[in-house]
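Accompanying notes for the structure given below.
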Amino acid sequence: MADNGEPFQIGFDPHDPHPPESARLAAAEVVKRVVEQDDRGGVLRRRRPNTAPVVRIADRYLVGVLDLRGVESPYLLEFVRCRFAEPPDVRQARLAGVEFTDCRLPGLLGRNLSSDNDVRFGAGTVVAGTVDLTDAQVRGSLVLSDTRIAATEDRPALHADRLQLAGALLAARLETTGEVRIPGLRCGGNVDFAGALLRNPRGFALNGNGLHTGGNLRLDTDATGTPFRALGQVFLPSAKVESDFSMRGATIQPRTEPAGQLALDDPFFDANAALIADRSKVEGNVNLDRGFASTGTVRIVNASIGGALRFNHATIDLSAGADHRDLFEERFDSRAQAGPYPDRAVHLDGTDIRGGLDARDARFAGQVRIVDVAVQGTALFDNSVFSNRDGDAIEGRRFSCGGNLNGRSLLVFGSVLLPGVKVGANLDLRGSRLLRPGHHPDGTTKPLLDLRVAQVGRDLHCGGSDRPFAAAGEIRMRRAEIGRTTTFNGAEIGSGSTRVALNAFGVRTQELHVLVAKPPRGRVDLRHLRCATLADDEKFWRAEGRMDLEDFRYDSLADPVGLQDDDRVAQRLAWLRAGMRSYRPGPYDQLATMLRAAGNEEHAANVLVEKQRLRYRALAAGSRFLGPGVLLWSWLQRLMVGYGYRPARALVWLIAFLVLGAVWFGLQPDPVKGNRDDQIFWNPVVYTLDLLVPIVDFGQKNRWAVSGASQWISLVLVALGWVLATTVAAGLTRMLRRTT
């Protein structure tokens, strides 16, 4: 017997559009029993002492409108395997609770409903219309698990604006056709759509604008392994979640009809967003990971996340159906399908993440935009693929993280723009490959890796791995500050299509390691770079483009030059010549300063001599007529005084000319006295010394008059004396200056 005292309808199917006549029950009869509180016929019973009485209707086809509008009743209404001809009307009613189990309804009119217990749509219930719970208040939970709702005429499947739930919204495995509309929802427990399938391709699959849940927001996989799926936009701006927001394993698609024409006016509008959670506040973690897949933009702008934001093992593909296996592999070379894409894959501008950002082993086709994002923990992108060929794969201006920023073994097609990035510890790109940079509107190529004005607390790693770091474009790190080590060991940088391989203008770092695997393919700019220690090799200095070294300063070499290691000095001079390809004095002065600071005076002098040799060569090359004379003068200076850096050599030449002059004048007849009143005697040695040593007068050269060849030789000796003596004086002055 049924609980209403009538026999069960054996085999009654509430989903049968033609139920038997014996199953018919006038809805007005149910209303009468509820309103009159009739307990005859076994209609009323109690499940447990001190609980609300239950009106249970089973295996019935309710004809007419179940009109309980404005009714206040202590009954809990329970319908089991019932079919309704008209949508039940419980607007403005106050009931103990309502349950539909394995029922079929053409909708539910429940605006302003007040329920003291759950409103429950049990397993197998099908609603062919709209469930309207706008402004309803439920002091229990709203249960929609395993229910199907199919709205008609573009109406929402669930219309529950400003719904207030003391308990939870439980909609695991819910299937809907039409918008699930819950803006302004206030829920004390979880909002659970695990395993649900929400279909509204032309609009919002889920509209939760401004919802507030005291527990978790679950749009993920249920206990049976069924993922959450949304065919249409998941719209959650200004949502507030007191615990975790999870879309783990979910699959979402954007609406097929973009909203409005804002994209034409607002460059930051995402017309094809699949998830919008702008200004949302999540106290726990946001999990978009472990198989999460989206074919539209994931947009979480100006949000606040109390825990971690996770994208690990996610796929966000804006390629409009391109084959993933080709799209995310290096061999793929179809420009038509490979990008750049007009839509972003991820848009997180201005979001504050108080935990970490985990995007390991993820796949992104489209730009990942993380401008002004602040991560207090560590940001992880290891083993991920970013594909937006010839566009911006990552744009993260002023991105900051308190720990490490790890991008090890990345594969990136497109530019990585991180100007002004702040990293508390290490920026690690070991083993990564960066390809296909973007372009400016005027057609010029953007840097492949842009780290301008970056601040890295510890180390910048672009090398030092079993798999070499490779960047087929410009690495731009102008005025970056790295607290400890900047390393490009084993790296392959630059490409034949880019003019600049490395732009490190004004960088500040303690250690610079550039033991590259191959010569850079492009120009290397190290102007105004400062480092305490330099570790380099010949490959780095043989860059295919020239090296700009103006005011490039390093205090020491990682492998110091030995005091007797002349070959090392010659090698470094050869590297300088190969790198600059034209004369610049600054790099030679810097090398000499570094050697002198290490106490290596002899090698420092060798470097400065080489600098002067190249200087005169450059001067000679600039003048067709004076060139030979300049080269001759250069040769004489180098031979005689080492351009002034070999004062001992000048002293030797002075002695040599003194001997030669004394021999010459000693073999000549005695000269004529210039003043016969002077009582002096001819001394060819003192006479020659008086000619060679300027300023000091030994009383000889002005008292004897020579003629013929001796006269010309005297003039030559005077000139040589001035040159050699001033060279010796300058050398002694430099020596005294260094010792004081």
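This is a predicted model, so every value here is computed, not measured.
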Rounded to the nearest 0.5 Å, how far apart are [atom1] of [X] and [atom2] of [Y]?
X	Y	atom1	atom2	answer
Leu451	Ile475	CG	CD1	8.0 Å
Leu411	Leu434	CG	CG	9.0 Å
Asn302	Asp352	CG	CG	10.5 Å
Glu474	Met477	CD	CE	11.5 Å
Phe469	Ile493	CZ	CD1	8.0 Å
Arg436	Ser387	CZ	OG	9.0 Å

May I ask you to decide if [Y]'s main-chain N or O and [X]'s side chain share a donor-acceptor pair within less than 3.5 Å?
X	Y	result
Ser556	Ala532	yes
Ser415	Asp390	no
Gln590	Tyr554	yes
Asn426	Asn404	no
Asp349	Val371	yes
Asp428	Arg430	yes
Asp442	Thr444	yes
Ser384	Ala362	yes
Ser432	Leu410	yes

Notebook entry, point to check: Does one side chain, of Arg553 or Thr593, offer a donor that lies under 3.5 Å from an acceptor on the other?
Noted result: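 Side chains of Arg553 and Thr593: no pair found under 3.5 Å.
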
Minimum heavy-atom separation for [X] to [Y], with atom names?
X	Y	result
Phe540	Val524	CZ-CG1, 3.8 Å
Ala472	Ser495	O-OG, 3.5 Å
Thr486	Phe488	CG2-CE1, 3.8 Å
Pro447	Leu417	O-CD2, 4.0 Å
Arg542	Pro519	O-CB, 3.2 Å
Leu460	Val456	N-CG1, 4.5 Å

Item checked: Trace of the salt bridge (Lys or Arg N to Asp or Glu O under 4.0 Å) decision for Glu550 with Arg584 -> CA-CA 8 Å; Glu550 179 184 350; Arg584 293 290 187 278; over 6 Å; no

Assess whether a salt bridge exists between [X] and [Y], defined as any Lys/Arg side-chain N lying under 4.0 Å from an Asp/Glu carboxylate O.
X	Y	value
Glu511	Arg484	no
Asp382	Arg360	no
Arg577	Glu610	yes

Check: Quick one: is the NZ or CZ of Arg389 closer than 6.0 Å to the six-membered ring centre of Phe413, and within 45° of its axis?
Finding: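 The answer is yes; both the distance and angle limits are met.
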
Notebook entry, point to check: Passes salt bridge (Lys or Arg N to Asp or Glu O under 4.0 Å), Asp450 versus Arg452? Steps please.
Noted result: CA-CA 6 Å; Asp450 190 347; Arg452 285 174 295 167; 2.8 Å; yes

Check: Around Arg617, counting heavy atoms of other residues, nucleotides and ligands shown, do more than 12 lie under 6.0 Å from its CZ?
Finding: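 Result for CZ/Arg617: open.
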
Margin query: Once salt bridge (Lys or Arg N to Asp or Glu O under 4.0 Å) is applied, what residue pairs with a partner in residues 560-570 remain, sequence neighbours excluded?
Written below: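 Only Asp559-Arg568 qualify under salt bridge (Lys or Arg N to Asp or Glu O under 4.0 Å).
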
[X] versus [Y]: any side-chain heavy-atom pair under 4.5 Å?
X	Y	result
Leu591	Leu573	yes
Asp459	Ile482	no
Arg433	Arg467	yes
Arg369	Phe268	yes
Leu429	Leu449	yes
His440	Lys446	yes
Gln510	Cys531	no
Met580	Leu549	yes

Checklist line | All side chain to side chain donor-acceptor pair (under 3.5 Å) counterparts of Asp589, not counting sequence neighbours | finding: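 So Asp589 forms a side chain to side chain donor-acceptor pair (under 3.5 Å) with Lys611.
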
Name each donor-acceptor pair under 3.5 Å that joins a side chain in residues 281-289 to protein atoms two or more places apart or in another chain, with its distance.
from: Asn285; atom 1: OD1; to: Ala308; atom 2: N; distance (Å): 2.7
from: Asn287; atom 1: OD1; to: Arg310; atom 2: NH1; distance (Å): 2.8
from: Asp289; atom 1: OD1; to: Arg248; atom 2: NE; distance (Å): 2.9
from: Asp289; atom 1: OD2; to: Arg248; atom 2: NE; distance (Å): 3.4
from: Asp289; atom 1: OD2; to: Arg248; atom 2: NH2; distance (Å): 3.0

Margin query: If you apply the rule side-chain contact (heavy atoms from CB on, under 4.5 Å), what do you find for Phe386 with Val368, and how did you get there?
Written below: CA-CA 8 Å; Phe386 296 83; Val368 173; 3.7 Å; yes

Check: Which is it for Leu318 and Arg344 under the side-chain contact (heavy atoms from CB on, under 4.5 Å) test, yes or no, and what are the steps along the way?
Finding: CA-CA 7 Å; Leu318 275 293; Arg344 304 176 182 92; over 6 Å; no

Check: Which word best sums up how the rings of Phe364 and Phe311 line up, parallel for under 30°, tilted for 30 to 60°, or perpendicular for over 60°?
Finding: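 Correct class here is perpendicular.
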
Checklist line | Leu515/Glu538 under side-chain contact (heavy atoms from CB on, under 4.5 Å): CA gap, chis, key distance, verdict | finding: CA-CA 8 Å; Leu515 302 167; Glu538 183 177 4; over 6 Å; no

Item checked: Check against side chain to side chain donor-acceptor pair (under 3.5 Å), Asp317 and Thr315 -> CA-CA 6 Å; Asp317 182 8; Thr315 299; over 6 Å; no

Margin query: Walk me through whether Glu481 and Arg508 qualify under salt bridge (Lys or Arg N to Asp or Glu O under 4.0 Å).
Written below: CA-CA 5 Å; Glu481 296 182 5; Arg508 299 290 187 273; over 6 Å; no

Margin query: Enumerate the side chain to side chain donor-acceptor pair (under 3.5 Å) contacts for residues 526-535, please, sequence neighbours excluded, ordered by first and then second residue.
Written below: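 The answer is Asp525-Arg527, His528-Asp551, Arg530-Asp551.
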
Checklist line | Phe399/Val423 under side-chain contact (heavy atoms from CB on, under 4.5 Å): CA gap, chis, key distance, verdict | finding: CA-CA 8 Å; Phe399 175 84; Val423 181; 5.9 Å; no

Check: How would you list, by chain and number, every residue that makes a salt bridge (Lys or Arg N to Asp or Glu O under 4.0 Å) with Asp278, sequence neighbours excluded?
Finding: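 Expected list: Arg299.
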
Item checked: side-chain contact (heavy atoms from CB on, under 4.5 Å) involving Asp536 - partner list, sequence neighbours excluded ->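 Residues passing side-chain contact (heavy atoms from CB on, under 4.5 Å) with Asp536: Val514, Leu534, Trp541, Arg572, Trp575.
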
